[in-house]
Amino acid sequence: MLVSGLASAALLAGCGGGPGQRVRPVADSTAVHVVDPGTVPGLSVATRNEQDGRRHLYAAWPRIPGADRLTAALAAAVDERIRPFLADTGDRTPGAVPELNVQWSLAAASGDVVGVRLVFAESAGASAGEARRTLWYDGRTGEVRPSADLLRAGGGLAGLAERVRARLGGKGDPARVTAGADTFSSLGFNDVGDMVVEFSDNTVAPGSSGRVAVVLERADYEPLLSEFGRRAYAAAMAPRPRLALDGSATPSPTATPGATPDATVPPGRTDCATAKCVALTFDDGPGPATGRLLDTLRDARARATFFVVGTNADAHADLLRREHAEGHEIGNHTQSHRDLSRLTAVQVNSDVQRTQEIVRSATGTAPTLMRPPYGATNGTVAGVTRSLGLRQVLWSVDTNDWRDRDAKVVADRAVRRARPGAVILMHDIHRTTVDAVPEILERLAAKGYTFVTVSELMANRKVPPGGRFGGA
């Protein structure tokens, strides 16, 4: 079976559930099986971001305790894409801002095997394309393996190439299916155990064909598997994933538990028509230092708004629950942090809806606010958010904390530019930003400010669903 289509359109929609329930994907035979990252003790997420007039960059990948070589290999694979992108986008050029987006998912995480799937989406002008790569980790040897290592030596790749050629049909060129590791850079399994062979754009078909994937039933591919491939299959299919990597049972120091018993919820809602209010907002998390940030806000009895990215939120449902329990507001920053103004209405809806369900599953309440990544919005985005009952939130103060990793600079910028009713943009994925928050709270409190959520700030404004609030 073969399916061709934009990979972004394959973002999985979820079905709702109560607090603590996991969101299940819709059936799709070409969708690679995804392991809930929340089942991996101590897993955290590394993130890089840039958002200026020259380029838009967002990249994320997991850090898995006990698999340091895998973490390093993932960082290197991401860097291989980022370095040329930065070099090619050093100067501001007319037209759409170039974008590089890197997403990850767990293809397997059980026993002593981990599989991590990376999707690189790059857009520049009229050209756009996606590359896909799945790296596998062998906990027995400590080796990071390419997808080709799922196949036995001495004919495994050749056998796979032969089977794929027979199934391409008219969606690709069989002559372009070579028996090489670069061709088969992303192998995984779907929910029923079939092998999913997916290709980067322009590998076996023109980039305009979108995502091309071939599904092989177990009887077809099993004779081709290596011993490691059989273990990878077992790990992907494990009903209750449990890792047995060295050190994996020890929680990462960046992982923060839920709200402590003595946590104090900030006081009730503030009327910003009479009070001097400011809204601190934090994008892209939860991140490694989010727990420490919540401690700081709790001690200062200050509320904030967190615009979470779905992939990070899915890995840290405990932090979502703590944010909610301690009186903060959780907003939607989409599932994949793509520039929504480049996407179709169907793609925008999928990207936003997935994060709605992740937050609802963790906290019991879905967001009512959505911040478009990079502040990039248009009529399509407005229409989708209107249909979902969401209001778009931008900002009036940009601390540029992604660029200036200096707590003093970030604090000075936030305090100097603050005004009554300001919406201040920061990112809780940066430790230096979290370091800056105590000084921001102290100095602004001394000026008479009250720290409120965005919804409190806009309570006296008539902002309809789909409308925008907080622009400079």
Side-chain angles (χ1 to χ4, degrees), residues 22 32-48 59-80 102-119 132-150 185-189 225-258 285-292 309-320 322 362 429 431:
R22 307 309 301 174
V32 177
H33 175 72
V34 177
V35 175
D36 175 6
T39 63
V40 179
L43 182 147
S44 62
V45 183
T47 311
R48 285 185 64 175
W61 63 97
R63 296 189 180 108
I64 298 174
D68 291 346
R69 289 186 183 178
L70 175 60
T71 300
L74 292 169
V78 171
D79 192 58
E80 284 177 11
V102 185
Q103 292 298 309
W104 66 275
S105 60
L106 288 178
S110 190
D112 53 18
V113 176
V114 181
V116 178
R117 177 177 178 262
L118 298 173
V119 178
R132 302 161 191 93
R133 184 176 178 186
T134 301
L135 296 179
W136 294 85
Y137 180 73
D138 186 344
R140 293 184 185 178
T141 64
E143 294 179 286
V144 178
R145 296 174 175 266
S147 284
D149 279 10
L150 299 186
S185 62
S186 188
L187 302 179
F189 305 93
L225 291 181
S226 63
E227 183 275 335
F228 176 69
R230 295 178 191 279
R231 286 196 284 128
Y233 167 83
M237 295 295 99
R240 292 192 178 97
R242 289 184 63 86
L243 273 176
L245 305 177
D246 181 24
S248 64
T250 303
S252 165
T254 63
T256 303
T290 299
R292 182 161 58 89
V309 171
T311 51
N312 290 348
D314 207 18
H316 295 293
D318 56 337
L319 288 173
L320 292 188
R322 182 178 174 188
I429 58 173
R431 294 181 184 278

Closest non-hydrogen atom pair between [X] and [Y], with its separation:
{"X": "Pro37", "Y": "Trp104", "value": "CB-CH2, 3.8 Å"}
{"X": "Pro241", "Y": "Ala238", "value": "CD-O, 3.9 Å"}
{"X": "Ala313", "Y": "Leu320", "value": "CB-CD1, 3.7 Å"}
{"X": "Val144", "Y": "Ala73", "value": "CG1-CB, 3.8 Å"}
{"X": "Leu245", "Y": "Gly66", "value": "CB-O, 4.0 Å"}
{"X": "Ala109", "Y": "Val40", "value": "CB-CG2, 4.1 Å"}

Measure from the side-chain N and O atoms of [X] to the backbone N and O of [Y], and report whether any donor-acceptor pair falls under 3.5 Å.
{"X": "Ser226", "Y": "Asp149", "value": "yes"}
{"X": "Ser110", "Y": "Ala236", "value": "no"}
{"X": "Thr47", "Y": "Ala60", "value": "no"}
{"X": "Thr134", "Y": "Ser147", "value": "no"}

Answer yes or no: is there a side-chain heavy-atom contact under 4.5 Å between [X] and [Y]?
{"X": "Thr39", "Y": "Leu106", "answer": "no"}
{"X": "His33", "Y": "Val35", "answer": "yes"}
{"X": "Arg69", "Y": "Thr141", "answer": "no"}
{"X": "Thr311", "Y": "Val45", "answer": "no"}
{"X": "Asp138", "Y": "Arg231", "answer": "yes"}
{"X": "Val309", "Y": "Ile429", "answer": "no"}
{"X": "Ile64", "Y": "Tyr137", "answer": "no"}
{"X": "Phe228", "Y": "Leu150", "answer": "yes"}

Next on the checklist: Using a 6.0 Å cut-off, check whether atom CZ of Arg230 has over 12 heavy atoms from anything other than its own residue.
Outcome noted: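 Buried by this count: over 12 neighbours within 6.0 Å.
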Taking atom [atom1] of [X] and atom [atom2] of [Y], what is their separation to the nearest 0.5 Å?
{"X": "Ser105", "Y": "Asp36", "atom1": "OG", "atom2": "CG", "result": "12.0 Å"}
{"X": "Asp68", "Y": "Arg63", "atom1": "CG", "atom2": "CZ", "result": "10.5 Å"}
{"X": "Trp61", "Y": "Asp79", "atom1": "CH2", "atom2": "CG", "result": "8.0 Å"}

